[in-house]
Amino acid sequence: MATERGRIQISGFDPDRVTERESLSDWSDDSSTETMSRWKRAGVRFVHNYSAMFGVLIVVLMSLAAIFARPISIEGFTVQPFSLAPYDPETILYLDPSSDVGIYSAPTPDHPMGTDQNGRDLFSRVLIGGRYSISIGFIVVGLTASFGMVYGAIAGYYGGWVDEILMRIVDTIFAFPGLVLALVIVTMLGKGYWELILAFSLFGWAGYARIIRGEILQVKQQEYVTAAKALGAGDFSVIFRHIVPNAMAPLIVQASLSIGTVVIGVAALGFLGLGMPPGTAEWGTMLDSTRQTLIQGPGGSIPWWATVYPGGAIFLFVMSMNMIGDGVNDALDAQEVGNVRQGGG
Amino acid sequence: MSGLRRFVLKRLLLTIPILWGVSVITFGLVYLTPGDPIDIMVGLDPDMSPTREATLRAKHGFDEPVWKQYWLWISDAATGDFGEVIQTGRPVSDLIIDRLPPTIALGLFGWVFGLVIAIPTGIYAAVKKDQLGDTVSRFIALFGISVPNFWLGLMLILVGALQLGWWPVLPPRVPLTDPEMLWYLVLPGLTIGSASAATLMRIMRSSMAEEMNKDYVTAARAKGLPERTVILKHVLRNSLISVTTVAAFLTANILAGSVVVETVFSWPGLGREFIQAATAREVNVIMAITLFIGAAIIIMNLVADIVYAVLDPRIRYD
Amino acid sequence: MSLIEVEGLSVEFYTQGGTVTAVDDLSYHIEPGEKFGVVGESGAGKSVTALSLMRLIDDPGRIVSGSIRFSDAETTRRLEDQYPNKTVDVQTLRAEHDLDEIARRLEQQGCDGSDLTGNDRHFDVAPTELPAGAFDMQDVVNRGHAADLGIIEDDDFIVHDGSEQYLELLRAPEAAVRSLRGNDIAMIFQDAQTALNPVYTVGEQIAEPMRHHLDYSDEEAKERTIQLLDEVGIPEAETRYSDYPHEFSGGMQQRAVIAMALSCDPDLLIADEPTTALDVTIEAQILEQLEELADEFDVAIQLVTHDLGVIAEVCDRVMVMYAGKPVEKAPVEELYYDPKHPYTVGLMSSIPRVGDDRDRLMTIPGTMPDLVELPPGCSFHPRCPYAEESCAEKEPALVDPETGEVATESSRRGAACLEYTGDLEEGLDYEVQVAGEPGDGPDPSSVQPNGGDVDG
Ligand code: SF4
């Protein structure tokens, strides 16, 4: 049979007839989902992911609360006049003789989260307390992701000894837990907003560098990169126009998951008394003083609200951020697409 | 096996430049900022005479140029001498030996807790993928990676110690070897291990789920093996390979966690010592502890790589 | 009775895009020792069919209906020992129940005649009005009606009928099916590299099913494994036993997988694209080896492939699948010299040949449709050069091309094209030429599709 099949020839099966004739039915191979770009498809998937959208909602609400809780003015010029918080987060309420609250007053309808160790309205403080952590989170991730991307791209693209040296530096940074480094930096630089940003940014890029480098090593081999090089594109343009966009997905996933980590880190330093100056309405810093109230132990009433609410706010924000990160991860993970569609046959 | 031995040796040699890098970075950070530990001592004791101040500076070499100070430090460190605590004059190595056991106990507890919880739940969630059990365990894992450890610690004290009264608020001063210690380890151990457990569980689940889509699993089923054997013999070993790669990351996590958790629970370990040293600018202590942490992470990395090699026959170190 | 009989098998996958009917009302059978080919492009449902035989369809897929009957005396006896209460004797049922009564009860349940006989001719005929002898108690059992009516238990899967005995795999408990997998029905996978677990030695993986099914001790299993490795043509089998898969070449990996499949001396070997991942010379070697071993082990083969050439090499009978349905069934020689379905013709004209003087290959235009939404009428019509208006309206049944009657399992051939039911105006105007022995030029013995009018 094997030899005989070579002698069989078919004539009269003419594919052109199919392409030339008019469609016989209004059926068409609906392949619109296949042609959608990867990013668009990811976007659609993300929007249909309920838990991720829930995360977005919470993050937006909490960010808006932080922005609009109290007016913001830059150099005396008010850029944000709204004031949603019922009280000034810095005002010590019991100093006002008409006030009926003291320090650590339990929650009442008027002060839904009670007051803190200085008799300040906790609800107002929790509302505004995200200002520092959230903005630091976004700024740090923006800075570190950009720098890490460039660093990793250079290491991966040039390879050889450049790569060797650059990645040894990254290895060294990886021998520190991020929080320990940030802690050392903050104790040296002192407390404050920009100090915190520096503390988390100075070495926080290493993870991104490693990811991008790994991706680039893979993408580098691909044909379109060779083609771009052959056409005489410069290194810079090859890296940033052809390679990096194709290696972005894991970077974005990492970035979206990192915001929560930075927010926790900032709050942790605040809790250790190293973040913002004492008394600042920042979630972590607010928890700093409450530990004492717990350690003093049973006997007397324990102002649980002072611990539960600020920490709960951090937790809620970070969890929402992680839901978004998971959603981004699922959306960008193209593996599932088109797999089952053909029924596996 | 000799290939593996050579690999281990090579990696151990590689740790030297990395630890050196760690020391440079820490030293740089500590010294390139204005002020030194003596300033802090002066702050605490305003009556200190300027001559004593100068003597102290000279004694610890703070009046030398930075590179010289570093040289002094590193040449001592190379011989195992990490200097002394400036305020008390106690040898740093003494302090570390003193503070290390509680931290190791805590870290180990966290590690074991993480593994014991994460591996079975991860397997369970992957096998029940997209069913109720999976959803619930994924939600718990999300909770675990999102909750700040210091807050979790405070909440556990609030509930476990103050509300239920099952634990003392502060750890009593019993020796670590006392079996009762295990009970006192529960709250801080849970706190330090929860994030690792959650991370590990998520990785376990996703790597199990990924492996379960592979052809060899269908092939194993097609051989008529019971599902248990398919999962526990064929899938598990493959997914553990990718889990080992995060072991080092988790160690770093636990060590960083110890800084915070020990503060929350007043646990007399390295982490709490580190905070105190950082605030007091105790250079020698900071340097020694960071080096120790760096070395621990690097060694865990190495162990992970060796386990990796044992689990995955495709890896050959020669 | 055949070794395996598949009847009315439908498999669905539930995806975001909708329900995919990967296999739609499929029937075929394989005789003991027969080499049966299943051919079609990817997405035709071939692999799903193969996995269904072992009941290995995984989420999100499900076998929604049908019957898969496996008949092997020894296997039946073994399972009878294990499941003594799961046996049905059709002869006893015949004595106890009246077929007319059963027909009446089924009619009350809204059952259609064709549901009962499996024959499309009886579509829309009430069960009570079926001609005498159109169905038998076995049909009632096989099509699940007996279980529906409570005459037998839902999981009674061992069936006796006089000297015939078989297992109904779709009703069997999971553990029973598991005892068949790798033991009585074994599988060879497309890509041996991924089918072998990278972290266990090749030997261990071959020995594993023997220890499990045949209760071999470690030594016995090892000894037999080495013997098998030798038989499938792996040199130095003894030392190779403890090698890991990555230390084998692609061809050797596939040989190891074949050894694994043969280890428990199965009755049926399902080979899913066994040579697709290999290069041509290795492919030829492996196929040859497979054929030899099949004869030596006296095992039936279901060979799943997209390559008609491979089918020609190995098989006795062939089924061509398109979009989850069989479009042509024929003995392999007849399919080659006289293909009846335009899709088969298309597949044949796209096989590259040495000495082909045409300037390009005639490939089938377009791609296999998305199985979520099939084209109306003949699902091949958007790609068929001979399609006419009626093709988009009427779904062709699988008929005997000689008679135009609905094909049954006993029909020698079947083709699902309107041509053979006389619904096509223009007809199919392809020609199959068998090139003359030494010279070239068209052979006088050129064969034309019969049963239709051919226009020049
Ligand atoms: S029925 Fe029509 S479309 Fe379908 S194969 Fe026959 S000629 Fe082609």
Side-chain angles (χ1 to χ4, degrees), chain A residues 51 168-169 171-190 202-203 257 260-261 263-265 267-274 283-284 287-288 290-291 294-298 302 304 307-308 310-312 314-323 326 335 339, chain B residues 14-15 17-22 24-26 29-30 32-33 35 138 142-143 145-155 157-158 161-163 165 168-170 202 210 213 248-249 251-257 259-260 263-264 266 274-275 278-279 281 286 289-290 293-295 297-298 301:
Chain A
S51 79
R168 281 307 143 256
I169 296 176
D171 282 349
T172 309
I173 293 173
F174 266 99
F176 291 100
L179 186 70
V180 169
L181 265 181
L183 202 141
V184 174
I185 297 171
V186 160
T187 44
M188 297 307 138
L189 294 177
L202 208 49
F203 298 104
L257 287 168
T261 316
V263 168
I264 290 193
L269 290 184
F271 168 76
L272 294 170
L274 301 167
W283 291 333
L287 284 171
D288 179 17
T290 66
R291 188 178 151 268
L294 298 181
I295 299 293
Q296 273 144 25
I302 299 141
W304 52 267
T307 301
V308 172
I314 307 171
F315 169 59
L316 188 62
F317 181 83
V318 173
M319 189 168 78
S320 309
M321 225 37 247
N322 283 332
M323 285 165 141
D326 287 350
Q335 274 177 350
N339 203 356
Chain B
L14 252 176
T15 34
I18 292 184
L19 282 180
W20 173 76
V22 168
V24 169
I25 291 178
T26 323
L29 284 175
V30 176
L32 290 179
T33 42
R138 274 168 72 195
L142 178 69
F143 184 92
I145 58 162
S146 306
V147 66
N149 50 8
F150 52 93
W151 186 58
L152 180 65
L154 293 176
M155 293 302 282
I157 293 179
L158 194 62
L162 299 177
Q163 216 64 41
V169 175
L170 292 175
R202 281 160 60 108
E210 195 186 318
N213 282 329
F249 162 76
T251 312
N253 233 354
I254 284 183
L255 285 171
V259 173
V260 177
T263 307
V264 175
S266 307
F274 185 69
I275 299 272
T279 331
R281 292 206 136 195
I286 297 176
I289 294 183
T290 39
I293 290 178
I297 291 175
I298 292 167
N301 247 324

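All chains are named by letter (A, B, ...) in the order of the sequence lines, taking the proteins before the strands, and each is independently numbered beginning at 1. The basis for the numbers below is simple: all heavy atoms, side chains too, and nothing from hydrogens, waters or symmetry mates.
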Given that the side chain runs from C-beta out, which part of [X] has a heavy atom under 4.5 Å from chain A: side chain, backbone, both or neither?
X	result
B:Ile25	side chain
B:Leu14	side chain
B:Ile18	both

Who among [options] has the most heavy-atom pairs with chain A under 4.5 Å?
options	result
B:Gly294, B:Gly257, B:Ala295	B:Gly294
B:Pro17, B:Gly21, B:Ala256, B:Gly153	B:Ala256
B:Leu255, B:Ile145, B:Ile289, B:Asn301	B:Ile145
B:Thr15, B:Val22, B:Val259	B:Val22
B:Leu142, B:Thr251, B:Ile298	B:Leu142
B:Leu19, B:Ile293, B:Thr263	B:Thr263

Portion of [X] that has a non-hydrogen atom of chain B nearer than 4.5 angstrom:
X	result
A:Phe174	backbone
A:Val308	both
A:Ile264	both

Side chain to side chain contact (heavy atoms under 4.5 Å, CB included) partners of B:Thr290, counting only residues at least two apart: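 Per chain and number, B:Thr290 pairs via side chain to side chain contact (heavy atoms under 4.5 Å, CB included) with A:Phe176, A:Val180, B:Thr26, B:Phe274.
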Hey, what do you get for [atom1] ([X]) to [atom2] ([Y]), rounding to the nearest 0.5 Å?
X	Y	atom1	atom2	answer
B:Leu154	B:Asn149	CG	CG	10.0 Å
B:Trp151	A:Ile314	CH2	CD1	8.5 Å
A:Leu179	A:Thr261	CG	OG1	11.0 Å

Set of salt bridge (Lys or Arg N to Asp or Glu O under 4.0 Å) partners for A:Asp171, sequence neighbours left out: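 Counting only residues at least two positions away or on another chain, A:Asp171 forms a salt bridge (Lys or Arg N to Asp or Glu O under 4.0 Å) with A:Arg168, A:Arg210.
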Salt-bridge criterion met for A:Asp326 and B:Arg202 (N-O under 4.0 Å):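 The answer is yes: the pair qualifies as a salt bridge.
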Pairs of heavy atoms under 4.5 Å with chain B: top-ranked of A:Gly265, A:Gly260, A:Ala267: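 So the answer, after comparing A:Gly265, A:Gly260, A:Ala267, is A:Ala267.
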CA sep, side-chain torsions, deciding dist, call: A:Phe271, B:Val264, side-chain contact (heavy atoms from CB on, under 4.5 Å): CA-CA 9 Å; A:Phe271 168 76; B:Val264 175; 3.5 Å; yes
Side chain to side chain, B:Met155 and B:Val147, heavy atoms closer than 4.5 Å: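 SC-SC contact between B:Met155 and B:Val147 ruled out.
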Heavy-atom pair with the smallest gap, counting every atom of A:Pro310 and A:Trp283: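 A:Pro310 and A:Trp283 have their closest heavy atoms at CB-O, 3.9 Å.
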